[in-house]
Amino acid sequence: MRVLGLETSCDETAVAVYDGRAGLLAHEVYSQVALHAAYGGVVPELASRDHLRKLLPLLEKVVEQGGGRDSIGGIAYTSGPGLVGALLVGAAVARSLALAWRLPCIGVHHMEGHLLAPLLEERPPGFPFVALLVSGGHTLLARVAGVGDYEILGASLDDAAGEAFDKTAKLLGLGYPGGPQLAALAERGRPGVFRFPRPLTDRPGLDFSFSGLKTAVVVALRGRDLDEQTRADAALAFEEAVVDTLVEKCRRALAATDARTLVIAGGVGANRRLRARVRAMGEGEGVPVVYPRVEFCTDNAAMIALLGHLRLAAGQRDDLAIRARARWPMTELRPPGS
Ligand code: KG4
Ligand code: ZN
C-alpha cells in the first residue's frame, strides 16, 4: 500500500509518500521559520494561514514525485497534538481528499511519528529501544516496545528542551530559533565562569523541568556588563546544564528498562555537545546510540506517512470526521489492529 502523509502541526508544512514495499518515495518540507523570526517565536494564526497557502502546491508536487495520484492507496495526516488552527488545515485537506479519491484515511499522533521515525532508516533499531525526543515543542523519554506500544518514562513538566534554548537565546540577545545560535555562542564560552542547576537530577525520576534555568541565567547576569564574552560564558554554562541533565536522564532510563538501544530524535538532537556526551555515555554503558537523519528528526511528513502506512495496512481507518486535537495523551494510543 502507498500512503500520502500530511504534517501541519506547527511551523512546518510537509508532505510525503511512503510505500510499504519500496519505502519512502518522496518527501518535502516547507519551513516557516523566516515568517516567524520577526516575532521571536511561532505566531499560531500566521502559521495556519501559511499552511493554507503552501500545502496544496506542495502536495501536488510530492504526489507527482511519489508516482501520481492513481498509485496512492491511503491518506494519513497529523491529527494532534499541536496548534489547533494549523492542524485543521492538514486535517481538512487530508480528510476531503480521501473522500474525493475514495481512499481510507487516518489521523495520526505527531509524537508517535517522532518515536517511529528511526524506522525510516535502512537499518532501523530493534525493539525495544529507549527514545529521547527533544525538540522545540516536546521533551519525552519513552520505552518503545513496538508500534503503538509505548511506555512514557518521563516528560517535561514545563518548558521543552528546545523551548528553553530558544528562550535563553532571546535573553542573550540572539535571534529565533535560538538553539543553534546559542550553541555557536557557547563555543566561545569559558568553562566554569557560571554554573547553573541540573534540574531534577538530585532526586529519582525521569521527568524534566527546564523553565527554572532561564531564571537562573537572568539572576546570574543581573547587574553585569553583557559583553560578548560574558554572554558566551553564560551560553556555555546553560548548554552544559541542559546537556548534563538530558544525558543523566537517558542513563537512568536505560538502567530502568531492558532496552539496549538509545534513539535521540528532535531538533535539539542536532546539538554537538549533546551528541558527544550521549555517545560517551552510550560507550560507557555498552549501548548503541542511534540518530535518525536530521531531516527525519525535525518535523516532517515522512514519519506521518510511515505511521499512517503501519496503521492503514493493518486495517485501521477513521470515519468522516475532521479531527484536530491540541492535546492528545499518548496513553490513548494502541497497537494497529488491536
Ligand atoms: O524538532 P524541531 O526542528 O522542531 C519542533 O520543535 O517542532 O526542533 C526545533 C528546536 C528549536 O527549539 C531549536 O532551537 C532547537 O530545536 N535546536 C537546537 C539546535 N538545533 C536546533 N538546540 C540546541 N542546539 C542546537 N544545535
Ligand atoms: Zn515535532
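As a basis for the values below, the full set of heavy atoms in this structure was taken, side chains included, without hydrogen atoms, waters or symmetry mates. Both ligands and their constituent atoms are indexed starting at 1 by order of listing.
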Between F127 and F129, how do the two ring planes meet: parallel, tilted or perpendicular, split at 30° and 60°?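 If you compare the ring of F127 with that of F129, the planes turn out parallel.
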So F165 and F238, would you call those rings parallel, tilted or perpendicular, with 30° and 60° as cut-offs?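 Because their plane-to-plane angle is over 60°, the rings of F165 and F238 count as perpendicular.
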Out of R273, R198, K249, which one pairs with D244 under the side chain to side chain donor-acceptor pair (under 3.5 Å) rule?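 The passing option is R198.
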Between T13, N300, T78, which is the residue that forms a side chain to side chain donor-acceptor pair (under 3.5 Å) with E7?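 Single pass found, and it is T78.
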Using the rule given for side chain to side chain donor-acceptor pair (under 3.5 Å), can you reason through R325 versus S79, listing the C-alpha separation, both sets of side-chain angles and the distance that settles it, and then say yes or no? CA-CA 6 Å; R325 295 170 249 210; S79 179; 3.3 Å; yes
Give me the nearest non-hydrogen protein atom to atom 7 (O) of ligand 1 as residue plus atom name, then the distance to 0.1 Å.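 Nearest protein contact, heavy atoms only, for atom 7 (O) of ligand 1 is D299 OD2, 2.9 Å.
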Apex the Zn ion (ligand 2) - arms NE2 from H110 and NE2 from H114 - angle rounded to 10°: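 Roughly 90°, rounded to 10°.
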Between G267, G179, A160, flag the one that comes closest to atom 21 (C) of ligand 1 by a heavy atom.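 Among G267, G179, A160, the closest heavy atom to atom 21 (C) of ligand 1 comes from G267.
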Looking at non-hydrogen atoms alone, which of L182, D166, V268 comes nearest to atom 11 (C) of ligand 1?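 Of the listed residues, D166 has the closest heavy atom.
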Backbone, side chain, both or neither: what part of T298 comes under 4.0 angstrom of ligand 1, heavy atoms only?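 Both backbone and side chain of T298 come within 4.0 Å of ligand 1.
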In this structure, is the centre-to-centre distance between the rings of Y18 and H27 below 6.0 Å?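 Not under 6.0 Å, so no.
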Please check whether [X] reaches ligand 1 - meaning an N/O of the residue sits under 3.5 Å from an N/O of the ligand, judged on distance alone.
X    : value
G162 : yes
N271 : yes
G136 : yes

How is the N/O/S atom of D299 that comes nearest to the Zn ion (ligand 2) named?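 Atom name of the closest N, O or S in D299: OD1.
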So, does G137 sit close enough to ligand 1 that a heavy atom of it is under 4.0 Å from the ligand?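 Contact check G137 vs ligand 1: positive.
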Quick test of your reading of the model: are E64 and R69 salt-bridged, counting only N-O distances below 4.0 Å?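 Not counted as a salt bridge, because no side-chain N and carboxylate O are separated by less than 4.0 Å.
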